[in-house]
Amino acid sequence: MSLLSDLINLNLSDSTEKIIAEYIWVGGSGMDIRSKGRTLPGPVSDPSKLPKWNYDGSSTGQAPGEDSEVILYPQAIFKDPFRRGNNILVICDTYTPAGEPIPTNKRCKAAKIFSHPDVVAEVPWYGLEQEYTLLQKDVKWPLGWPIGGYPGPQGPYYCGAGVDKAFGRDIVDAHYKACLYAGINISGINGEVMPGQWEFQVGPSVGISSGDELWAARYILERITEVAGVVLSFDPKPIQGDWNGAGAHTNYSTKSMRNEGGYEVIKKAIEKLGLRHKEHIAAYGEGNERRLTGRHETADINTFKWGVANRGASIRVGRDTEKEGKGYFEDRRPASNMDPYVVTSMIAETTILWKP
């Protein structure tokens with residue numbers, strides 16, 4: 001009898017042209033990542049060549065039981081780091097049988113914004129910093145924390161090394177390599193301020209691809225933590241008290257910002273973001289008020305302010321950007337559970353398309 005691992009690692013190309021495509025979509029809560037696999041006759045590299053598929057939306061909180069069919073439209077392909085070979089992961093968005101995007105399909109509206117000629121001309125770049133917390137499976141308490149107790153205060157854990165400072169590095173490194181294998185533009189990882197908390201960065205990516213890549217990276221992380229027997233949390237404030245929350249800082253620039261004189265364009269963009277602060281906060285993640293308290297490297301949720309190298313501001317401009325007179329800025333307001341399609345497209349809409 002073969003070992004289970006032998007069967008999982010079978011190389012299909014030795015015996016068949018067929019491949020497995022794992023169709024991935026966002027469920028009804030906006031943070032539950034769903035997927036199912038199907039067999040295709042051969043390798044595919046273009047999403048438009050993939051068949052549409054359907055699923056039972058009544059089981060994901062996205063359709064009533066009497067009319068439960070939701071249609072998956074393939075939008076982006078990544079190599080599958082779990083099955084390997086020619087097998088693929090497919091990021092999809094969701095529609096009714098009549099072709100209308102369902103309410104939880106945030107990608108469709110984002111794609112319309114990113115396809116606007118004024119936005120296309122500005123080639124918006126994004127760098128997304130995804131913070132997350134690893135929890136012990138049965139007690140839902142951070143990895144490395146004593147059960148029912150607390151570790152030493154924050155300080156030694158950020159970018160730390162050592163058995164008493166870094167918890168879950170094997171998961172983090174496995175995720176890093178799996179994302180690179182998949183073709184995701186993951187640009188780095190680091191241990192975060194709260195023990196058991198980590199961050200990975202995706203980008204720079206252009207337009208809608210930033211959302212596709214972050215969702216693919218989240219899916220891969222969910223799968224790796226599943227194997228490791230650890231719970232993945234995107235809660236923006238998993239532990240109350242004197243502990244850092246979890247955000248998804250969004251770095252952003254346009255062609256005009258990256259060119260000579262870009263600093264003035266940046267300042268005008270930040271001014272516009274300030275005018276729509278409430279609208280952005282409302283779209284930047286559930287429970288964000290627990291994180292944006294004005295403490296732990298955040299600005300208060302009701303206050304909009306920006307500054308150079310200020311991690312207590314809503315918008316941070318880097319020293320290099322100030323010095324060179326061009327570059328990018330960082331929106332520090334999005335929570336770790338934000339939808340990247342919503343956040344990235346909203347920033348582009350406000351700074352490029354919106355006329356106050």
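- Under the 30°/60° scheme for interplanar angles, the aromatic rings of W215 and Y341 are found to be tilted.
- N190 and Y158 are not linked by any side-chain donor-acceptor pair at a separation below 3.5 angstrom, with hydrogens and angles left out of the test.
- Annotation: cation-pi geometry not satisfied between R34 and Y55 (NZ/CZ under 6.0 angstrom from ring centroid, within 45° of ring axis).
- Using modelled atom types and a 3.5 Å distance limit, the side chains of S256 and E122 yield a donor-acceptor pair.
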Test side-chain hydrogen bond (donor to acceptor under 3.5 Å, both in side chains) on H277 and S314 and set out the steps.
-> CA-CA 9 Å; H277 177 63; S314 315; 5.1 Å; no
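- Atom CZ of R38 is surrounded by more than 12 heavy atoms from other residues, nucleotides or ligands within 6.0 Å.
- Between Y150 and W141, the ring centre distance stays below 6.0 Å.
- Looking at E260 and K326, a side-chain N of the basic residue comes within less than 4.0 Å of a carboxylate O on the acidic one, giving a salt bridge.
- L72 and V26 fall into different hydrophobic clusters, where Ile, Leu, Val, Met, Phe, Trp and Tyr are joined by side-chain heavy atoms under 4.5 Å apart, directly or via other members.
- Taking the ring centre of W306 as origin, the terminal cationic atom of R316 falls outside the region bounded by 6.0 Å and 45° from the ring axis.
- No side-chain N or O of N337 forms a donor-acceptor pair with one of E286 less than 3.5 Å apart.
- In summary, R83 and E22 engage in a salt bridge, as defined by a charged side-chain N under 4.0 Å from a carboxylate O.
- Ion pair D235/R290 flagged as a salt bridge, since at least one NZ, NE, NH1 or NH2 atom sits closer than 4.0 Å to an Asp/Glu carboxylate oxygen.
- Under a 4.0 Å N-O distance rule, the pair K268/E271 does not qualify as a salt bridge.
- Of the charged side-chain nitrogens involved, at least one lies within less than 4.0 Å of a carboxylate oxygen, so that D212 and R107 count as a salt-bridged pair.
- A cation-pi arrangement is present between K36 and W53, with the terminal nitrogen or guanidinium carbon under 6.0 Å from the aromatic centre and inside a 45° cone about the axis.
- Using bins of under 30°, 30° to 60° and over 60° for the plane-to-plane angle, the ring pair Y132/F234 lands in the perpendicular bin.
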Please lay out, stage by stage, how E192 and N244 fare under the test side-chain hydrogen bond (donor to acceptor under 3.5 Å, both in side chains).
-> CA-CA 9 Å; E192 265 307 326; N244 273 37; 5.3 Å; no
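- Taking CD1 of I91 as the start and CZ of F78 as the end, the distance is 6.0 Å to the nearest 0.5 Å.
- Aromatic pair Y252/Y328: ring centres not closer than 6.0 Å.
- Counting only N and O atoms by type, the side chains of D93 and Q75 include a donor and acceptor under 3.5 Å apart.
- The two residues R291 and P334 have their closest heavy-atom pair at NH1-O, 3.3 Å.
- The six-membered or imidazole ring of W243 lies near that of W145, with a centre-to-centre distance under 6.0 Å.
- In the hydrophobic cluster analysis, where Ile, Leu, Val, Met, Phe, Trp and Tyr join through side-chain heavy atoms closer than 4.5 angstrom, I189 is grouped together with Y126.
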